[in-house]
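Here is the structure we will look at, set down as structure tokens.
Whatever order the structure lists ligands and atoms in, that order sets their numbers, starting from 1.
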Amino acid sequence: MSFRTSATDYVEDVSPGSGALPPRAWYPRSDTASLSLNGSWRFRLSATADAEDDAFAEPGYDAGGWAEVSVPGHWVLQGHGAPVYTNHLYPFPVDPPRVPTENPTGDHLRFFDLPADWDVTDGGAVLRFDGVESCARVWLNGTDIGEFKGSRLPHEFAVGHLLQPAGNVLAVRVHQWSAGSYLEDQDQWWLPGIFRDVTLLHRPADSVLDFFVHASYDHAGGTGTLRVDSDVAGRVTVPDLGIDVATGESVTVPVEPWTAETPRLYDGLLATGGERVPLRIGFRTVELADGLIKVNGKAVLFKGVNRHEWHPRLGRALDLATMREDVLLMKRHNVNAVRTSHYPPHPAFLDLCDEYGLWVIDECDLETHGFTEQAWRDNPVDDDRWTPALLDRAARMVERDKNHPSVVIWSLGNEAGTGRGLTAMAEWIHGRDASRLVHYEGDIDCRDTDVYSRMYADHAEVERIGRALDGGTHRRRELPFILCEYGHAMGNGPGGLADYQRIFESHDRLQGGFIWEWIDHGIEDERYGYAYGGDFGEELHDGNFVCDGLVFPDRRPSPGLLEYKKVIEPVRIDGDGTTVRITNRQDFADLSALAFEWSYQVDGETVASGSLAVPDLAAGESAEAKLPEPPATDGGETRWTVRALLAADTSWGPAGHVVAWGQIPVSARQSPSVAATAAPVSGDGRITLGPGVFDARNGALLSIGSVAVTGLRLDVWRATTDNDDGAAWQSDLRYGELWRKFGLHRMRHRLDAVQVAGDALTVRTRVAPAAWEFGLATDYRWTSDGDRLRLTVSVTPDGDWTVPLPRLGIRFGLPAADRVRWFGGGPGEAYPDTRAAALVGRWESTVDGLQTPYVRPQENGARADVRWAELGGLRIDGDPEFWFTARRWTTEQLDAAAHRSDLTPGDTVWVNLDHGQHGIGSQSCGPGVLPPYQLHAEPAEFTFVFADIG
Ligand code: IPT
């Protein structure tokens, strides 16, 4: 007995669908007519797949009472139902290919007329869907034309015979869940809907079907060979190259090659009897040679990111402007590669990668990660019944995207275990396109792939792989290595990027990596600012794990992106006090696009600057340039700053855009000195020492001159970051958890003595958490020269400290402070292992401007190497330099907040001056903090000098 209605059987059918045309190359325009069917569509939501019959598809159906949604779009982001976020767990029982009865189903209706000049008698027409999640059935003018799955892949239907000049009715029934959902278990929001363009294409007689542009480059001869294979014969012309050949015919001419650094495209045309299709041709050859990924004969180093499609209001329904913004942001931050995690992007994105220059790993829409929970039993990729669906997905990706020079590697998918279906995909792809390599991280032995790829391997292991000490199968040992994911950019971080980069650059086999990931998938939300998993009442969810990008949901760069930009800069600038060494770290381009400038700083102020002559170095070369005679100065801390800038406007950045920089110290800083000439004076329950006034009973500082100070004391706590907390599955020590276990967030301060002796006021304390026997003996020693107040903090750990400290320093409150000036690292935040981008100089900000608005609030905003800072009428000089943080809420409030909207500024500005900060690491999904950046409980002494400058 069957309980299922046959009308919806296709939903749970493992097949890719029926009725669609074979996949073919996608191109944005030609001279044939097309009609965009984007816009407002009529919409009706049902709770199950078969709640409604198909009467709505009939011409004349009255949808007057229906709602409206925008196409492209996701209905759950337009007030119908709600989004669901899970990382890898299927949000439905795992019983492939069955899906729940509760299966939100959106019926969509679009009425359209053809433009007057569209001749329905000339040839046919094709209806194209660029992306529908997850399964759709389509009717045109009441005729069922087919159904399909494969959410982020195009599907075309021949509809010429059904079209009318006017009054056409397009009906699309979209099911949130289908057999296809089992293949689409990517770490992202589940967002049903017609989320990419819907287009009607006129197909006149003899118009183009599929075509394959083969454009290779012979780096030895400097020539390009072009051959365009086309299902419909025609001619191919490339005016700039004098090419005019028949389709299928090869021609070899001298060309400039395409690379991500030099994205030379030639405009061409494919003309058949019925259509003229513009081509943008890039000549380049990708090969595996000498165990390396080579393009045009040279090994490339990927400085990549994993890009999901995301917009905080539109979800994965991205417009062209947003795609372009992504590409421009990447180029401006020195990113040279994109993995289209974990599905083929909107096809227009790849046009932008061709145009601006980015290496692309194009990844198929395939992930079955949830099967890991059952030891991969019943995994569709190892079950022949699913193989046609897998091959269909591979073909739809390859055929759609094969004409992009930017695409250098095909990826079978992500986190799908292993199985025969994947092997079949790889075999098919290798057979169809021998001009590119095949990637799949899950193929640990590289049986089917051309690249050894891993995710989140720690530094030591990557180093071993670089040294070829990792073993593995014979095949794997011959292959180059990439980290397809690393540097988990969740919240504050990732830390340790510079350390990875050093390793990549030390071993040829290591060809770089791709940060996880480009953008936080926060959803704009009135309640929270940005919502994340769980904010929509999901029964299962993975919280803010969906916010792990280098840019915030609004695409503002996070400090992680600025750090990455610095770490991967294409030019290295270093040197000693008199010469500067410039290294061109690019793989292809010389330095002719860049101009160099020097400047000279005394105590952070620029006193002289000029341009620096740098030879036009070829890729990989380095040279020394002579710095001018340094300006005469009267002491002070001095340094050179050398910058590489765009010499002229480019397609992605204006002249003057800073690409790379380096600082070269000349003379070191003098420590602030304060003679202890004033003596403490007691009276009236107060102790006065120079400008400082203290409470005589407990030694608490009350004011410095006119500035009231509250709560000054040792502080070791920080609002744990996502990387401190670590991922639940990490077997390593996770300090966020241990810190709380050991009570570092609830340290008690026991007063042992307030001593006035000679020129000093000394307050002796012991700082320790309830329940534990370890602590920090902490002495505060105050002296003054009458004008300034000097504090030396001495910390001596006792007992058995088994965890590092989150931070070590003092904190205090100031009644009012808005503007902040400092001399030290800036302009943005930095931590011990995320400090590459901190430029030493003079900086200014508001207190609010110091905050980094992580979607889930957490420790943020420290400025590194601060010599002095001024705020709220105080000047603070540090000995040694310190980490400076100021915010209008306490660390405890920051720690308790789940969303930005939980943080409301109070009247007090809380200031942290830290002698040490624990590093950040990448343990939210990856290795923790490397040993040099850990802050161990050890004896420490540090000094601050305070002056009232109000
Ligand atoms: C890896 C996934 O490939 C990626 O989609 C994302 O979920 C990332 O982790 C974490 O944000 S899977 C890896 C943790 C086993």
Margin query: Among Asp902, Asp725, Asp895, exactly one meets salt bridge (charged side-chain N to carboxylate O under 4.0 Å, His left out) together with Arg856. Which residue is that?
Written below: Asp725
Check: Parallel, tilted or perpendicular: which describes the rings of Trp376 and His369, with under 30° parallel and over 60° perpendicular?
Finding: parallel
Next item on the list: May I ask you to list the atoms of ligand 1 that are less than 4.0 angstrom from any heavy atom of Met455?
Entry: 1 (C), 3 (O), 12 (S), 13 (C)
Checklist line | Numbered atoms of ligand 1 (with element) below 4.0 Å of Asn87, judged on heavy atoms | finding: 7 (O)
Check: Is the shortest N/O to N/O distance between Asn414 and ligand 1 below 3.5 Å?
Finding: yes
Checklist line | Row check, Phe536 ring normal vs Arg527 NZ/CZ: under 6.0 Å, within 45° | finding: yes
Next item on the list: Please confirm whether Glu367 comes within less than 3.5 Å of ligand 1 when only nitrogen or oxygen atoms on both sides are compared.
Entry: no
Next item on the list: Look at atom 1 (C) of ligand 1 and say which protein heavy atom is nearest, naming residue and atom and giving the distance to 0.1 Å.
Entry: Glu485 OE1, 3.0 Å
Note to self: Please identify which of these residues, Val381, Val94, Asp378, Asp185, meets the side-chain contact (heavy atoms from CB on, under 4.5 Å) condition with Thr368.
What the structure shows: Val381
Margin query: Does the plane of the ring in His308 sit parallel, tilted or perpendicular to the ring in His342? Use 30° and 60° as the thresholds.
Written below: perpendicular
Check: Is ligand 1 under 4.0 Å from a heavy atom in the side chain of Asp548, in the backbone, in both, or in neither?
Finding: side chain
Notebook entry, point to check: Just which atoms of ligand 1 are under 4.0 Å from any heavy atom in Phe545?
Noted result: 10 (C), 11 (O)
Check: How far is atom 5 (O) of ligand 1 from its nearest protein heavy atom, and which residue and atom is that?
Finding: His342 NE2, 2.6 Å
Check: Can you tell which part of Glu517 has a heavy atom less than 4.0 Å from ligand 1: side chain, backbone, both or neither?
Finding: neither
Next item on the list: Can you pull out the closest protein heavy atom to atom 14 (C) of ligand 1? Residue, atom name and distance to 0.1 Å, please.
Entry: Cys925 SG, 3.2 Å
Next item on the list: Go through the steps for Lys149 and Glu184 under the test salt bridge (charged side-chain N to carboxylate O under 4.0 Å, His left out), then give the verdict.
Entry: CA-CA 10 Å; Lys149 307 181 191 85; Glu184 296 173 6; over 6 Å; no
Check: Does the cation-pi check pass for Arg900 over Phe552, that is, NZ or CZ under 6.0 Å from the six-membered ring centre and within 45° of its axis?
Finding: yes
Margin query: Could you check whether Arg476 makes a cation-pi contact with Tyr452, meaning its NZ or CZ is under 6.0 Å from the centre of the six-membered ring and within 45° of the ring axis?
Written below: yes
Notebook entry, point to check: Does NZ or CZ of Arg307 lie under 6.0 Å from the centre of the six-membered ring of Phe349, at an angle within 45° of the ring axis?
Noted result: yes
Note to self: With heavy-atom distances below 4.0 Å as the criterion, list the atoms of ligand 1 near Tyr456.
What the structure shows: 1 (C), 8 (C), 9 (O), 10 (C)
Margin query: Only heavy atoms of His488, strictly under 4.0 Å: list the atoms of ligand 1 that pass.
Written below: 10 (C), 11 (O)
Note to self: Ring centroids only, cut at 6.0 angstrom: are Tyr500 and His459 within range, meaning strictly under it?
What the structure shows: yes
Checklist line | Heavy-atom nearest neighbour in the protein, as seen from atom 7 (O) of ligand 1, with distance rounded to 0.1 Å | finding: Asp187 OD2, 2.5 Å
Next item on the list: Please state which part of Met490 comes within less than 4.0 Å of ligand 1, counting heavy atoms only: side chain, backbone, both or neither.
Entry: neither
Next item on the list: Indicate, as side chain, backbone, both or neither, the part of His369 found under 4.0 angstrom from ligand 1 when only non-hydrogen atoms are considered.
Entry: side chain
Note to self: Pairs of nitrogen or oxygen atoms closer than 3.5 Å, one from Glu415 and one from ligand 1: do any exist?
What the structure shows: no
